[in-house]
Amino acid sequence: MTVWQRVHRVVLGAPKDVNEPHAFHKLSLIAFLAWVGLGADGLSSSAYGPEETFRQLGEHVGLAVFLAAAMIATVFIISYGYSRIIEQFPSGGGGYLVASKVLGGSAGVVSGSALLVDYVLTITISIAAGADAIFSFLPAQWLSAELMVSLAGIGILTVMNLRGIKESVTTIAPIFGVFLITHAVLLLVAIGARVPALPAVTREVHSNVSGTLGALGVFATLKLVMRAYSLGGGTYTGIEAVSNGVGIMREPRVQTAKRTMLLMASSLAICASGLLLAYLLWQCRPVEGKTMNAVLLERVAGGWSIAGLHVGKAFVVIALVSEGALLFVAAQAGFVDGPRVMANMAVDSWLPHRFSALSERLTMRNGILLMGGTALAALIYTRGQVSKLVVMYAINVFVTFSMSNIAMTVFWWRRRAKDPSWARHLPAHIAAAALCLLILVVTVIQKFVEGGWLTLVITAGLIALCFAVRSHYKVVAGALTGLDAQIPAPTAHPELYPHRHDADRRELDPSGPIAVLLVGGYSGLGRHALLTLMRMFPGHFQGVVFVSVAVVDSDVFKGAEEIPALEERTRAALAEYERFATALGLPSSSAYAVGTEVAVEAEQLAVGLVQWYPKVVVVAGQIIFAEDTVWNRVLHNQTALVIQRRLQQRGVPMIVLPVELDLAASKEQSPPDVFAGARLLADVTRQTGGGMGTVAPPAVQG
């Protein structure tokens with residue numbers, strides 16, 4: 001290995017074998033680990049959501065009691081809605097999938113785009129808030145290093161996730177455990193210590209609420225409550241993560257995901273509402289340079305001592321460090337779910353197809369790198385200001401929340417005639433949709449000029465980009481369909497083929513010149529490549545070996561049972577190619593491999609075939625466009641050229657056949673040039689029968 005390959009192996013680890021029978025099982029997460037990896041996003045929001053709610057109340061802190069109750073109800077209502085999404089859409093995908101399936105592709109891409117921006121901001125705000133928590137007890141002169149620490153945190157998490165989801169989750173599990181223990185102790189002491197004084201506290205709360213009503217009036221009080229409730233919407237921002245990550249859950253997935261959802265909802269409701277009440281009970285007020293949780297910890301635990309030892313300060317430090325570390329851990333949800341949403345959208349052609357690919361470590365490398373890079377950009381742009389980030393974050397979260405629950409409302413309404421349980425589920429989704437829309441509208445109105453406009457512009461721009469990508473792929477698909485129409489199938493037009501029966505099939509002669517043709521699914525592109533090859537080298541090749549790589553991407557890698565199905569589809573496509581070669585009078589065979597990297601697997605297959613066929617030449621078709629633009633290079637890979645470079649380094653000859661697609665003709669819906677295809681086919685069939693074509697190969701038009 002080269003020096004770079006050795007460094008790569010040390011940092012990211014050795015490749016994982018996708019063909020290993022228990023590969024998916026080893027990578028999937030049990031409920032506890034899923035709670036750590038996905039639930040940390042929700043639980044960590046207790047570090048800034050309740051604080052934002054409490055700050056909005058000002059001197060009217062007695063209203064915190066009602067907001068704590070509303071917080072608990074909201075968490076469980078939204079969680080209930082997403083639990084139903086898990087049941088009805090167990091393949092994962094959450095808000096994107098339910099909106100796409102129920103409301104249509106356009107609604108799905110809006111929800112998916114909002115989710116992607118949300119997950120970028122999940123990473124950014126979690127890291128920024130974590131740095132705030134840690135620097136709350138450090139000397140003030142160290143604050144200048146906060147942004148650099150945040151940037152380093154994103155970089156470390158990016159590398160950890162490139163190694164693998166399970167590896168990254170198990171590494172951060174101890175941090176999650178320390179946070180749970182320290183904050184459970186904090187809440188038990190903070191609330192338990194005030195139980196004897198409950199009558200006095202009740203009178204103070206009643207007096208404060210009465211004073212608020214007298215000073216503001218009923219309408220203004222309700223407006224204040226709605227504002228505090230809505231702007232504290234960051235509390236609920238991680239609830240959807242579990243439904244988006246069902247695909248990485250241990251079987252049985254639905255039960256594992258629902259257990260994870262229950263763990264996350266319960267811990268979030270207890271922690272967030274408990275902190276809000278503790279602020280009230282201990283009369284905490286905002287302090288410059290400190291979080292509200294830091295203020296609470298110092299008041300509750302700062303003076304603890306055991307046997308003369310001042311353990312309180314140590315407890316405060318440990319709790320704040322664990323809180324800051326958990327916020328770093330919460331960024332994990334963005335790295336876990338963001339690439340999965342991106343992959344689902346790529347499979348549906350809303351994003352470049354490369355985002356559905358898996359790396360040799362079976363991670364969605366392209367998505368992870370993009371999420372990490374955009375999170376770095378967002379952190380630098382906002383300078384790590386949590387107050388600005390939380391506004392941008394909450395808006396996109398509640399766009400997805402609202403669309404998901406509207407979609408589930410429509411879903412159950414449509415099923416009312418055939419599913420008697422519809423009446424039990426529908427009210428919960430209506431309530432969740434109403435709450436989410438309320439929070440969304442109030443947040444946009446109140447915070448539009450403070451960053452709300454920016455997140456709307458970014459999300460709208462991403463939606464427009466997705467529609468442009470989808471439009472391009474549709475045009476290319478139409479052009480490829482035109483290639484299919486150009487070459488008539490042997491079963492449809494047997495009169496065009498000299499050999500139409502399986503009995504006409506001949507065996508390959510290993511000593512003769514053989515073409516190894518790299519193909520994908522059975523399509524006009526592969527047939528065109530074969531015919532063009534035979535036309536360019538008339539009478540030279542005495543047979544062809546069709547080679548295909550069964551690519552395991554995010555759409556396939558959802559369970560062990562998917563790999564055999566992928567292999568069966570690959571064998572069926574290769575059998576069709578062999579029948580096509582037989583119809584042309586060519587001896588043929590086939591081979592395939594299963595893997596995540598087309599270039600790596602194709603190289604290994606080709607090198608192996610050289611041992612069987614010494615006079616082999618590898619051939620692949622490469623789509624080219626009339627204009628070589630950055631747009632086309634981003635949306636389409638150069639796999640054939642990559643394979644050619646790798647094989648040349650191994651001393652194996654390879655030819656790349658350019659196949660030009662006329663996208664302009666496809667956009668105009670021009671009929672395919674069937675005469676050009678028929679001429680090419682006629683020339684090749686004469687060639688295989690002993691003649692040689694004389695007509696120049698036509699340009700392929702879609």
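Excluded from the calculations below are hydrogen atoms, water molecules and symmetry mates; all remaining heavy atoms, backbone and side chain alike, are included.
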Taking every heavy atom of V341 against every heavy atom of G112, the minimum-distance pair comes out as CG1-O, 4.1 Å

Of all heavy-atom pairs linking A378 and T124, the shortest is CB-OG1, 3.7 Å

If you define the side chain from C-beta out and look only at heavy atoms, does anything of E597 sit under 4.5 Å from V551? no

Residues forming a side chain to side chain contact (heavy atoms under 4.5 Å, CB included) with E576, sequence neighbours excluded: Y522, R579

With a 4.5 Å limit on heavy-atom distance, are the side chains of F335 and T158 in contact? yes

So, S548 side chain and Y592 main chain: donor-acceptor pair closer than 3.5 Å or not? no

Taking C-beta and beyond as the side chain, do L635 and R354 meet within less than 4.5 Å on heavy atoms? no

Matching residue for I643 among E601, E603, M654 - test: side-chain contact (heavy atoms from CB on, under 4.5 Å): M654

For A599 and R646 the tightest heavy-atom approach is CB-CD, 3.9 Å

Criterion side chain to side chain contact (heavy atoms under 4.5 Å, CB included) on L518 and T639, from CA distance to verdict: CA-CA 11 Å; L518 302 177; T639 303; over 6 Å; no

Within 6.0 Å of CZ in R571, more than 12 heavy atoms from elsewhere: yes

side-chain contact (heavy atoms from CB on, under 4.5 Å) with V547: of L605, L517, V619, L574, only one passes, and it is L605

Tell me the closest heavy-atom pair linking I239 and M261, and the distance in Å. O-CE, 3.6 Å

Does one side chain, of D118 or T400, offer a donor that lies under 3.5 Å from an acceptor on the other? no

Quick one, L369 and L162 - any side-chain contact, counting heavy atoms below 4.5 Å? yes

Less than 4.5 Å apart, any side-chain heavy atom of I458 and any of L462? no

Once you measure the plane-to-plane angle for W631 and H472, does it fall in the parallel (<30°), tilted (30-60°) or perpendicular (>60°) bin? perpendicular

Please report the C-alpha distance between I127 and L157 in whole Å, then the side-chain angles of each, then the deciding distance to 0.1 Å, and finally whether the side chain to side chain contact (heavy atoms under 4.5 Å, CB included) criterion is met. CA-CA 10 Å; I127 295 294; L157 278 176; 4.0 Å; yes

Nearest non-hydrogen partners of R340 and V336, listed with the distance: CG-O, 3.0 Å

To the nearest 0.5 angstrom, please state how far the CE atom of M160 sits from the CD1 atom of I368. 11.5 Å

Test M371 against V120 for side chain to side chain contact (heavy atoms under 4.5 Å, CB included), laying out the working first. CA-CA 6 Å; M371 297 298 292; V120 169; 3.7 Å; yes

Considering all heavy atoms, the nearest V544-A581 contact: CG1-CB, 4.1 Å

Kindly indicate whether the side chain of F467, heavy atoms from C-beta on, has any atom under 4.5 Å from the side chain of S106. yes

CZ/F546 to OG/S589 distance, rounded to the nearest 0.5 angstrom? 10.0 Å

Sequence neighbours left out, what passes side chain to side chain contact (heavy atoms under 4.5 Å, CB included) with S100? Give chain and number order. Y96

Does L121 form a side chain to side chain contact (heavy atoms under 4.5 Å, CB included) with V397? I'd like the steps, not just the answer. CA-CA 10 Å; L121 294 174; V397 170; over 6 Å; no

Side-chain heavy atoms of Q622 within contact of P658, under 4.5 Å: no

Kindly state whether the ring of F401 and the ring of F398 have centres lying under 6.0 angstrom apart. yes

Interatomic distance, CG@L525 vs CD1@I623, rounded to 0.5 Å, equals 5.0 Å

Within this structure, what is the CE-CG distance for the pair M342 and N366, rounded to the nearest 0.5 Å? 9.5 Å

Just wondering, do M249 and V242 contact through their side chains at under 4.5 Å, heavy atoms? yes

Once rounded to the nearest 0.5 Å, what's the spacing between atom CG of N161 and atom CZ of R365? 14.0 Å

Donor-acceptor contact present, side-chain S126 to main-chain I123, <3.5 Å: no

Side chain to side chain donor-acceptor pair (under 3.5 Å) partners of S404, counting only residues at least two apart: Y82

Enter the distance from E240:CD to D337:CG here, rounded to the nearest 0.5 Å. 7.0 Å

Parallel, tilted or perpendicular, judged at 30° and 60°: which one describes the rings of H353 and Y473? parallel

